[in-house]
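Input: a single structure, listed below in structure tokens.
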Number of protein chains: 2
Amino acid sequence: MNEFALIAARFKPLASDFPGSLGLSDDAALLDMPPEMQLVVTADTVNEGVHFIGDEDASLIARKALRVNLSDLAAMGAAPWCYFLALAMPGNTEESWIARFAEGLHEDQRRFGIALAGGDTTATCARAHVTITALGLVPKGEALRRRGAQADDRIYVSGTLGDAALGLRCLRNQLPRNDFLETRYLLPEPRLALGAQLRGAATACMDVSDGLAQDLGHLCAASGAGAEIWTDRLPLSGAARACAEAAEAALCGGDDYELLFTLPPQAQAPAGVTQVGIITQQKGVRVYTAQGGELLPASLSGYRHF
Amino acid sequence: MNEFALIAARFKPLASDFPGSLGLSDDAALLDMPPEMQLVVTADTVNEGVHFIGDEDASLIARKALRVNLSDLAAMGAAPWCYFLALAMPGNTEESWIARFAEGLHEDQRRFGIALAGGDTTATCARAHVTITALGLVPKGEALRRRGAQADDRIYVSGTLGDAALGLRCLRNQLPRNDFLETRYLLPEPRLALGAQLRGAATACMDVSDGLAQDLGHLCAASGAGAEIWTDRLPLSGAARACAEAAEAALCGGDDYELLFTLPPQAQAPAGVTQVGIITQQKGVRVYTAQGGELLPASLSGYRHF
């Protein structure tokens with residue numbers, strides 16, 4: 001099957017309900033912005049051998065690539081609108097792999113209310129790479145930002161932390177296999193409803209993709225503030241608690257895609273989130289154990305590509 | 001240098017004049033659409049070993065990645081607005097390579113009036129991959145489309161054709177080295193001014209990236225029409241004329257990034273373009289030589305990734 005037949009068969013159906021895609025048959029998409037909205041745009045890449053292993057079901061690779069972008073939209077309080085797919089894959093990729101990849105996208109498009117609007121399929125010499133650029137919409141002036149946290153604001157996270165980092169170790173057979181943890185790595189849950197709910201309430205927000213300690217450092221730097229967090233408050237799943245590395249994974253592991261946000265002291269927190277610390281005037285992130293000891297910053301580095 | 005220091009040092013300056021980038025320090029860009037405009041969005045990938053060789057000056061790789069996207073904006077009649085860069089590169093990439101890459105982007109940002117608004121830098125296991133998603137703006141209802149060509153419309157192309165395909169052969173030492181042809185491959189010229197000029201005039205437009213014969217087939221299919229073109233009308237550069245393969249490269253070679261468009265019979269053509277044929281009611285693309293012979297369709301296939 002050649003490139004154009006492939007696009008027609010597998011990707012045009014993903015764009016057919018979205019007029020701005022022009023049916024994927026022009027040089028670019030043509031979009032009408034709804035009035036009174038701002039456009040939120042994010043681009044994230046997942047690379048075989050780095051962000052995914054390569055032998056996963058292709059539908060999971062597709063869904064993760066989409067979801068890490070949706071998580072960025074959630075972090076800004078935006079609603080999903082449309083996305084652009086740049087799929088680079090080896091020339092000998094099986095059609096069945098591409099079919100599964102498209103099925104995964106289709107499933108998550110329905111689930112999250114987003115449509116394919118354009119993109120590019122290319123051949124690589126070796127491994128697969130997926131870049132998705134996602135566009136979201138947020139009412140004017142209401143986007144969540146990383147800056148804005150103030151001293152005494154409470155620091156919250158959604159869901160549980162560390163599961164994904166532990167799940168990756170399970171998939172690599174460094175820990176016993178565990179479906180729950182592995183699924184948390186393979187298929188993160190973008191917190192779109194929570195992000196929307198936090199508009200007008202959170203003083204700062206971002207998603208946790210590179211480890212809580214490191215990402216909180218970015219939120220604090222953007223806000224000109226610092227933070228202290230308490231390891232005994234970290235929300236851990238039952239499966240994570242069974243692992244000796246749970247607290248380290250929760251602090252430093254990547255791929256959580258939970259929301260990290262701050263609320264003023266008097267604010268009511270939404271359901272299902274956990275306070276893990278407090279914003280301080282003193283810069284930097286300090287991590288305290290239940291015994292009152294402080295973890296050294298050197299033990300808190302998160303994921304870095306370089 | 002770690003990922004965050006790298007982004008700060010090399011990429012933040014590319015975004016500093018564009019408020020919607022939020023200084024690259026949030027989870028996504030936040031953009032205010034100018035009123036009365038439509039958004040034009042395109043995403044294109046260039047892969048090492050496929051779209052570029054790998055030993056080029058990194059500034060050329062960056063500029064080509066940006067320009068192939070700008071060419072799509074030109075094809076729709078849009079003006080450049082901002083772009084998102086997904087740069088995947090081996091973990092051992094030299095800082096000097098990244099510096100040259102950023103310099104190339106900076107140079108073309110100034111030249112074409114576009115700014116970096118966001119993106120992602122990631123590590124790959126082996127080769128580099130660059131995906132750029134470019135956003136452009138076009139006055140409402142004025143975007144150029146592939147559909148719309150009608151029988152008797154004249155078919156035009158900008159510039160000269162086939163240079164890039166010949167230039168690639170020079171770079172691969174399949175032809176004698178030639179600076180002009182090689183530069184045409186390495187650094188295409190997006191026809192933004194022409195695209196803007198064609199708004200309200202051209203009945204159909206696209207860019208030529210996969211060979212004139214194949215791309216004209218797409219334009220005709222979108223328009224529900226056909227075409228005949230004449231090989232003796234193909235615009236060839238002096239350097240191309242010196243190659244035996246010039247006509248074949250002009251018809252079937254990729255990477256031209258010239259505009260292919262149609263005008264009604266009575267319309268005045270802009271300066272610097274060449275009529276290469278005419279739209280017909282009969283479907284399909286027919287290519288005639290100066291002697292009146294017809295080239296077989298099998299000899300006219302353009303570039304395909306698969």
Side-chain angles (χ1 to χ4, degrees), chain A residues 1-4 6 22 25-33 38-51 71-73 75-76 78 84-86 88 91 93 117-127 129 131 133 135-136 138 140 143 145-147 206-207 218 222 304-306, chain B residues 1-4 6 22 25-33 38-51 71-73 75-76 78 84-86 88 91 117-127 129 131 133-136 138 140 143 145-147 206-207 218 222 304-306:
Chain A
M1 181 177 272
N2 75 41
E3 182 182 359
F4 304 106
L6 173 80
L22 307 179
S25 50
D26 271 87
D27 288 77
L30 183 61
L31 307 175
D32 283 297
M33 270 289 287
Q38 281 177 300
L39 184 63
V40 175
V41 186
T42 182
D44 278 300
T45 301
V46 295
N47 299 319
E48 183 177 342
V50 179
H51 302 84
S71 181
D72 284 327
L73 298 184
M76 304 283 286
F84 295 79
L85 168 69
T93 300
D120 194 17
T121 52
T122 56
T124 67
C125 296
R127 287 162 180 262
H129 306 265
T131 297
T133 304
L135 277 60
V138 67
K140 273 191 187 165
R145 301 283 308 276
R146 291 185 184 183
R147 69 180 189 195
M206 67 182 295
D207 73 344
H218 295 145
R304 288 176 177 180
H305 283 288
F306 306 100
Chain B
M1 180 176 275
N2 76 41
E3 183 182 357
F4 304 105
L6 172 81
L22 307 180
S25 50
D26 271 87
D27 288 78
L30 184 62
L31 307 174
D32 283 296
M33 271 288 287
Q38 281 176 298
L39 184 62
V40 176
V41 186
T42 182
D44 278 299
T45 301
V46 295
N47 299 319
E48 183 176 341
V50 179
H51 302 86
S71 181
D72 285 326
L73 297 185
M76 302 282 287
F84 295 79
L85 168 68
D120 195 18
T121 52
T122 55
T124 67
C125 295
R127 287 161 180 262
H129 306 266
T131 296
T133 305
L135 277 59
V138 66
K140 274 190 186 166
R145 301 283 307 274
R146 292 185 182 182
R147 69 182 189 193
M206 67 182 296
D207 72 344
H218 294 146
R304 288 177 179 179
H305 283 287
F306 304 100

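Here is how names work: the chains are called A, B, and so on, in the same order as the sequence lines, proteins then strands, and each is numbered from 1.
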About how many Å separate NZ of K140(B) and CG of L30(A), when rounded to the nearest 0.5 Å?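 With rounding to 0.5 Å, CG (L30(A)) is 11.0 Å from NZ (K140(B)).
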If you count heavy-atom pairs under 4.5 Å between each of D26(B), T42(B), V138(B), T133(B) and chain A, which one has the most?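 That would be D26(B).
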Chain A interface, residue from T131(B), V41(B), D72(B), D44(B) that has the most non-hydrogen pairs under 4.5 Å: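 Winner by heavy-atom pair count: V41(B).
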Are L31(A) and M33(B) close enough that some pair of their side-chain heavy atoms sits under 4.5 Å apart?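 Side-chain contact under 4.5 Å: no.
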With D27(B), which residues qualify under salt bridge (charged side-chain N to carboxylate O under 4.0 Å, His left out), at least two apart?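 With neighbours one apart ignored, the set is R146(A).
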Any idea which heavy atoms bring D120(A) and A43(B) closest together, and the distance?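 Shortest heavy-atom contact: CB-O, 3.3 Å.
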Please name the pair of heavy atoms, one in T45(A) and one in A86(B), separated by the smallest distance, quoted to 0.1 Å.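 Nearest heavy atoms, T45(A) then A86(B): OG1-CB, 3.2 Å.
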Relative to chain A, which segment of [X] carries a heavy atom at a distance below 4.5 Å: side chain, backbone, both, or neither?
{"X": "T124(B)", "result": "both"}
{"X": "L85(B)", "result": "neither"}
{"X": "A75(B)", "result": "side chain"}

Out of E48(A), R145(A), M206(A), return the one with the most heavy atom pairs under 4.5 angstrom to chain B.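 Ranked by contacts with chain B, first place is R145(A).
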Name the option with the most non-hydrogen atom pairs under 4.5 Å to chain B; the candidates are S25(A), A117(A), A88(A), G119(A).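 Most heavy-atom pairs within the cutoff with chain B belong to S25(A).
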If we ignore hydrogens and angles and just use 3.5 Å, is the side chain of N47(A) paired with the main-chain N or O of A123(B) as donor and acceptor?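 Present.
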